[in-house]
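This is a predicted model, so every value here is computed, not measured. Heavy-atom basis, side chains included; hydrogens, waters and symmetry copies ignored.
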Amino acid sequence: VPGQDAKAKPMLERVAAEVVSATEGLAVEEKSLLVRQSDALRMYFNVIVTTASIKVCSFDPKGVSIDDGTVKDMEFAEAPYVRFRKQLSTREVKWHPPAINDTAVVRAKENTVFVVNSGALLDFLSAFEVDNHSLRYLP
């Protein structure tokens, strides 16, 4: 991939980190504009839409060679969209409600970025659902 070197973050991680940063920046900016509207609810989601074919690899973790990192008996399947989760944010975590364990810290800093094939965008938007556990408050 042009512009990619051995020391750089993999391209998906780099692009996803930029998307998360931009989404958080927009949310913080809009929060100050909407502070007087008590009924204003905003939900922000990180989505990368691509024309690339999305492939998912399935394999048995026991089939990964510790010696050389190769994988045996893997299968690839095309997917219309995937959920990419990783700690992509550098923002400070402020608790609401207060949390006290390491797992909560890791989860609070974890972000989800959906990667969607452009041909499946309408299907993705139709199937998209939010549960209460996914909601986070802005500081």
Side-chain angles (χ1 to χ4, degrees):
V1 175
Q4 184 110 350
D5 65 18
K7 294 181 183 177
K9 285 184 181 177
M11 191 164 42
L12 179 56
E13 289 187 19
R14 191 170 57 243
V15 173
E18 290 177 21
V19 169
V20 166
S21 180
T23 303
E24 288 178 349
L26 175 64
V28 169
E29 184 177 303
E30 284 194 346
K31 181 181 179 188
S32 64
L33 297 173
L34 299 170
V35 74
R36 290 183 215 105
Q37 297 179 11
S38 61
D39 62 343
L41 172 65
R42 295 286 193 269
M43 299 175 98
Y44 301 86
F45 303 96
N46 304 298
V47 181
I48 297 170
V49 180
T50 180
T51 57
S53 175
I54 299 171
K55 305 280 187 190
V56 176
C57 179
S58 299
F59 62 92
D60 181 354
K62 294 175 186 171
V64 178
S65 169
I66 294 177
D67 296 329
D68 61 9
T70 58
V71 180
K72 294 182 182 177
D73 300 324
M74 58 188 155
E75 293 182 20
F76 290 91
E78 192 160 338
Y81 44 84
V82 294
R83 180 176 64 181
F84 178 65
R85 294 187 317 198
K86 190 150 177 103
Q87 288 189 13
L88 296 164
S89 177
T90 57
R91 71 180 168 82
E92 178 185 354
V93 176
K94 295 191 180 180
W95 301 105
H96 181 73
I100 55 172
N101 62 39
D102 292 339
T103 303
V105 172
V106 170
R107 185 167 165 85
K109 291 189 76 72
E110 183 179 84
N111 280 278
T112 296
V113 178
F114 296 98
V115 182
V116 181
N117 177 274
S118 59
L121 181 59
L122 291 178
D123 291 337
F124 170 77
L125 293 172
S126 296
F128 192 79
E129 294 181 2
V130 178
D131 68 7
N132 290 338
H133 300 335
S134 299
L135 301 178
R136 266 192 261 166
Y137 297 93
L138 285 176

For Val82 against Ala79, the heavy-atom pair lying closest together
CG1-CB, 4.2 Å
Starting from Val116, can I reach Leu125 by hopping between I/L/V/M/F/W/Y residues whose side chains sit under 4.5 Å apart?
yes
Sidechain-backbone polar pair: Asn117 side chain, Ala52 backbone, donor-acceptor under 3.5 Å
yes
Between CD1 of Ile48 and OG of Ser118, what distance do you get to the nearest 0.5 Å?
13.5 Å
Between Thr70, Ile66, Val64, which is the residue that forms a side chain to side chain contact (heavy atoms under 4.5 Å, CB included) with Asp68?
Thr70
Name the residue from Val113, Asn111, Thr112 that meets the side chain to side chain contact (heavy atoms under 4.5 Å, CB included) definition with Arg85.
Thr112
Other residues, nucleotides and ligands only: do more than 12 of their heavy atoms fall within 6.0 Å of CG on Asp73?
no
Measure the spacing between CD of Glu13 and CZ of Phe84 and express it to the nearest 0.5 Å.
4.5 Å
Measure up the Phe124 and Phe114 rings against each other and bin them: parallel (under 30°), tilted (30 to 60°), perpendicular (over 60°).
tilted
First locate atom CD of Glu75, then atom SG of Cys57, and finally report the distance between them rounded to the nearest 0.5 Å.
9.0 Å
Co-membership, hydrophobic cluster, residues Phe76 and Val71, 4.5 Å side-chain:
yes
Looking at every non-hydrogen atom in both residues, tell me the closest pair between Val19 and Asn46 and how far apart they are.
O-OD1, 3.7 Å
Applying the 4.5 Å side-chain criterion to the ILVMFWY set and letting contacts propagate, would Leu122 and Val130 be lumped into a single cluster?
no
